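Basis for what follows: all heavy atoms, side chains included, without hydrogens, waters or symmetry-related copies. Since the structure is predicted, the reported quantities are computational estimates derived from the model, not experimental observations. Each residue takes its place number in the sequence, starting with 1.
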Amino acid sequence: MNISYQSTRGGEKGVTASQAILKGLACDGGLFMPAEIPKLDLTMRELAGKTYQETAYEVMKLFLTDFTEDELKGCIDRAYDNKFDTKAIAPLVKADGVYYLELFHGSTIAFKDMALSILPHLMTAAAKKNHLDQEIVILTATSGDTGKAAMAGFAGVEGTRIIVFYPKGGVSRVQELQMVTQKGDNTAVVAIHGNFDDAQTGVKQIFSDKEFARKLEEKGFVFSSANSINIGRLIPQIVYYVYAYGQLLNNGEIGDGEKIHVTVPTGNFGNILAAYFAKQMGVPIDKLICASNDNKVLYDFFKTGTYDKKRDFILTISPSMDILISSNLERLIYLSTGCDAGKTSGLMADLAKTGSYTVSEDMKRRMADFAGGFATQEEDKEVIRKVYEDTGYVMDTHTGVACAVYQKYKAESKDGTKAVIASTASPYKFSRSVMEAIEKTELPEDEFEVIDSLSRISGTEIPRAVEEIRSAQVRHSRECAIEEMKTTIAGILGL
């Protein structure tokens with residue numbers, strides 16, 4: 001069965017998977033969605049014994065139907081190789097009665113590696129398939145992790161360039177160092193004087209600037225995206241939820257068909273949406289628990305049905321979730337309207353014009369699989385400390401948010417269903433905040449002294465990704481105002 005793609009806002013239909021990956025964003029500003037979500041054609045018992053790479057093929061072949069078996073398996077093999085520090089790729093670790101799905105064993109120690117390791121290969125295969133002659137310019141906004149993972153994935157990839165915008169002062173020191181030390185003549189990173197939402201909005205506006213696109217084309221360039229607005233980012237993320245259930249089944253932790261809850265710390269909504277897709281494909285998932293930090297726009301949305309971005313933007317110790325405009329929520333809105341592009345477009349226009357929108361009661365019913373929760377920074381620190389003291393397991397500040405939210409959900413609901421928590425980053429990426437939570441003492445100013453302390457107390461080896469930046473040369477120092485993003489891109493490309 002061939003799956004085609006269409007815009008959530010109705011402007012494009014009948015697009016192939018490879019075309020959707022190359023475009024990133026639809027011409028009307030909407031996000032590409034499959035015409036239908038396919039069902040798994042193997043049982044969970046059959047999938048349970050498969051490797052991560054084999055599971056990836058069984059999931060992705062159902063969505064990327066214009067890729068040949070050889071093309072897709074080639075992309076998977078090149079993506080999920082020894083750049084991951086474990087053969088499991090995404091291991092499950094049981095601690096304190098829940099299962100942590102560790103998504104940080106890739107080259108940049110965050111869950112973005114899971115999709116951004118394969119996206120460059122999918123994109124270059126798609127370019128050949130569609131006879132694309134222009135150089136692909138990957139344009140991306142990051143709240144900390146996507147930027148490094150995307151640059152690492154695209155560095156040195158022939159026929160591509162990548163430009164990343166991140167909020168100055170809005171990422172951890174390790175995140176910033178990972179980006180500004182990135183090698184590769186085709187990579188560029190720019191600190192903007194604003195927050196992540198400013199960067200994301202600026203990137204979307206540039207994508208929709210047809211005059212700028214024409215100028216780029218004349219010079220032999222075409223834009224695409226590595227953000228989770230690209231369907232080529234979302235589909236690989238489905239894989240690890242299918243794989244996690246298979247691991248639980250294979251290890252005898254659950255019975256065949258037994259439902260589980262999945263808790264995901266989220267800001268841009270892509271990671272938890274991938275879990276929803278896995279459920280629609282047939283994985284026995286019950287509740288999808290959406291964990292927010294103090295920027296609790298998603299919690300308020302699931303509680304009230306109103307999405308309202310008109311609020312203070314709070315810088316927290318879980319900076320990758322410091323987001324008020326959750327781009328991927330548009331895909332869930334589209335599904336909850338019964339795939340009505342007109343309704344979706346209208347709600348997105350309301351958001352752009354007034355800063356908010358409200359969904360109907362029928363739409364709320366269609367989103368009943370989701371439960372929202374949020375954790376304050378103090379609750380985040382407290383759960384990191386307590387789980388460490390009780391079990392020795394150390395989690396990062398984003399996983400801490402998810403853990404705190406899940407514990408509150410379990411206490412309030414008295415629901416004993418087994419749960420998987422998406423552990424989205426290594427604690428070494430946010431070592432200062434993690435150590436402040438555990439030690440509660442004054443820490444040295446030097447970031448790497450803090451990292452060494454974390455290694456000692458956790459009994460874990462410092463990841464290669466962190467050791468590499470200890471003495472790495474800073475290669476990128478560009479900064480710009482929000483309104484200068486387009487001229488900055490033009491300068492980087494020599495337009």
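- The shortest distance between side-chain heavy atoms of Leu62 and Ile3 does not fall below 4.5 Å.
- Defined by atom type and a distance below 3.5 Å, a donor-acceptor pair is present between the side-chain atoms of Ser228 and Asn328.
- Side-chain N or O atoms of Asp380 include none that pairs as donor or acceptor with a backbone N or O of Thr376 at under 3.5 Å.
- Not less than 6.0 angstrom separates the ring centroid of His398 from the ring centroid of Phe111.
- The existence of a salt bridge linking Asp300 and Arg311 is confirmed by a sub-4.0 Å separation between a basic side-chain nitrogen and an acidic carboxylate oxygen.
- Relative to the ring axis of Tyr99, Lys418 does not place its NZ or CZ within 45° and under 6.0 Å from the centre.
- With respect to the salt-bridge test (charged N to carboxylate O, under 4.0 angstrom), the residues Lys410 and Asp415 do not qualify.
- At most 12 heavy atoms of other shown residues, nucleotides or ligands fall within 6.0 angstrom of atom CG in Asp312.
- Cation-pi contact between Lys408 and Phe374: present, with separation from the ring centre below 6.0 Å and deviation from the ring axis of at most 45°.
- Taking the six-membered ring for Trp and the full ring otherwise, the centers of Tyr241 and Tyr276 sit at least 6.0 Å from each other.
- Side-chain N or O atoms of Asp197 include one that pairs as donor or acceptor with a backbone N or O of Leu324 at under 3.5 Å.
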Salt bridge (Lys or Arg N to Asp or Glu O under 4.0 Å) between Asp66 and Lys129: does it pass, once the steps are laid out?
CA-CA 9 Å; Asp66 66 326; Lys129 188 182 294 291; 5.3 Å; no
Assess the residue pair Ser327 and Lys204 against the criterion (side chain to side chain donor-acceptor pair (under 3.5 Å)); give the C-alpha distance rounded to whole Å, side-chain angles, the decisive distance to 0.1 Å, and a yes or no.
CA-CA 10 Å; Ser327 286; Lys204 283 187 173 181; 2.9 Å; yes
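- Between Tyr52 and Tyr243, the ring planes are perpendicular. Angles over 60° get that label, and only those under 30° would be called parallel.
- At a cut-off of 3.5 Å, with distance as the only test, no side-chain donor of Asp286 or Thr417 sits close to an acceptor on the other residue.
- Formation of a donor-acceptor pair under 3.5 Å by the Asp198 side chain with backbone atoms of His193 is not found in this model.
- Sorted by first and then second residue, the salt bridge (charged side-chain N to carboxylate O under 4.0 Å, His left out) pairs with a member in residues 329-344 read Arg9-Glu330; sequence neighbours excluded.
- Of the possible donor and acceptor atoms, one in the side chain of Lys83 sits under 3.5 Å from a partner among the backbone N and O of Ala79.
- Side chains of Asn268 and Gln200: a donor-acceptor N/O pair is present below 3.5 angstrom, by distance only.
- Note on Asp350 versus Lys353: no salt bridge recorded, every NZ/NE/NH1/NH2 to OD/OE distance being 4.0 Å or above.
- Side-chain contact annotation: Gln53 with Asp77, donor-acceptor N/O pair under 3.5 Å absent.
- For Asn250 and Tyr245, the side-chain atoms include no donor-acceptor pair closer than 3.5 Å.
- Side-chain polar atoms of Asp28 and Ser7 form a donor-acceptor pair below 3.5 angstrom.
- For the 3.5 Å distance criterion, the side chains of Asp322 and Thr316 qualify, holding a donor opposite an acceptor.
- With hydrogens and angles left out, the side-chain atoms of Thr16 and Gln19 include a donor and acceptor closer than 3.5 Å.
- Side-chain polar atoms of Ser225 and Asn230 form no donor-acceptor pair below 3.5 angstrom.
- Side chain to side chain, Thr146 and Lys112 meet the donor-acceptor criterion of an N or O pair below 3.5 Å.
- Taking the charged nitrogens against the carboxylate oxygens, Lys386 and Glu389 have no contact shorter than 4.0 Å, which rules out a salt bridge.
- Side-chain atoms of Ser433 do not come within 3.5 Å of backbone N or O of Phe430 as any donor-acceptor pair.
- Atom CE of Met395 sits about 10.5 Å away from atom CD of Glu102, to the nearest 0.5 Å.
- Phe223 has its ring centre less than 6.0 Å from the ring centre of Phe207.
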Test Leu40 against Val283 for side chain to side chain contact (heavy atoms under 4.5 Å, CB included), laying out the working first.
CA-CA 8 Å; Leu40 291 165; Val283 180; 4.1 Å; yes
Run the side chain to side chain contact (heavy atoms under 4.5 Å, CB included) check on Cys339 and Tyr334 step by step: do they pass?
CA-CA 5 Å; Cys339 301; Tyr334 174 73; 3.6 Å; yes
Between Thr108 and Asp113, does a side chain to side chain donor-acceptor pair (under 3.5 Å) hold up when you go through it step by step?
CA-CA 7 Å; Thr108 76; Asp113 287 323; 2.8 Å; yes
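- Using a distance-only test at 3.5 Å, with no hydrogens or angles considered, no donor-acceptor pair links the side chain of Gln237 to the main chain of Ala115.
- Taking the six-membered ring where the residue is Trp, the centroids of Tyr388 and Tyr393 are separated by 6.0 Å or more.
- Relative orientation of the Tyr357 and Phe301 rings is perpendicular, given thresholds of 30° and 60° on the angle between their planes.
- Because its NZ or CZ atom is not both nearer than 6.0 Å to the ring centre of Tyr409 and within 45° of the ring axis, Lys287 does not count as a cation-pi partner of that residue.
- Proximity of a side-chain donor or acceptor of Ser224 to a complementary backbone N or O of Leu22 within less than 3.5 Å is detected.
- Between the side chains of Asn293 and Ser318, at least one donor-acceptor pair of N or O atoms lies under 3.5 Å.
- A distance-only check finds no donor-acceptor pair linking the side chain of Gln280 to the backbone of Phe277 [under 3.5 Å].
- Looking at Gln175 and Ser320, their side chains do bring a donor and an acceptor atom within 3.5 Å of each other.
- A donor atom on one side chain and an acceptor atom on the other are found under 3.5 Å apart for Thr358 and Thr306.
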Criterion side chain to side chain contact (heavy atoms under 4.5 Å, CB included) on Leu122 and Phe67, from CA distance to verdict
CA-CA 9 Å; Leu122 293 174; Phe67 285 76; 4.1 Å; yes
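- Side chains of Gln178 and Lys429: a donor-acceptor N/O pair is present below 3.5 angstrom, by distance only.
- Put simply, the side chain of Ser143 never gets that close to the backbone of Phe196: no donor and acceptor are under 3.5 Å apart.
- Under a 3.5 Å cut-off, the side chain of Tyr166 and the backbone N or O of Met179 do not form any donor-acceptor pair.
- Contact annotation: the side chain of Leu92 approaches that of Val420 to within less than 4.5 Å [non-hydrogen atoms, C-beta and beyond].
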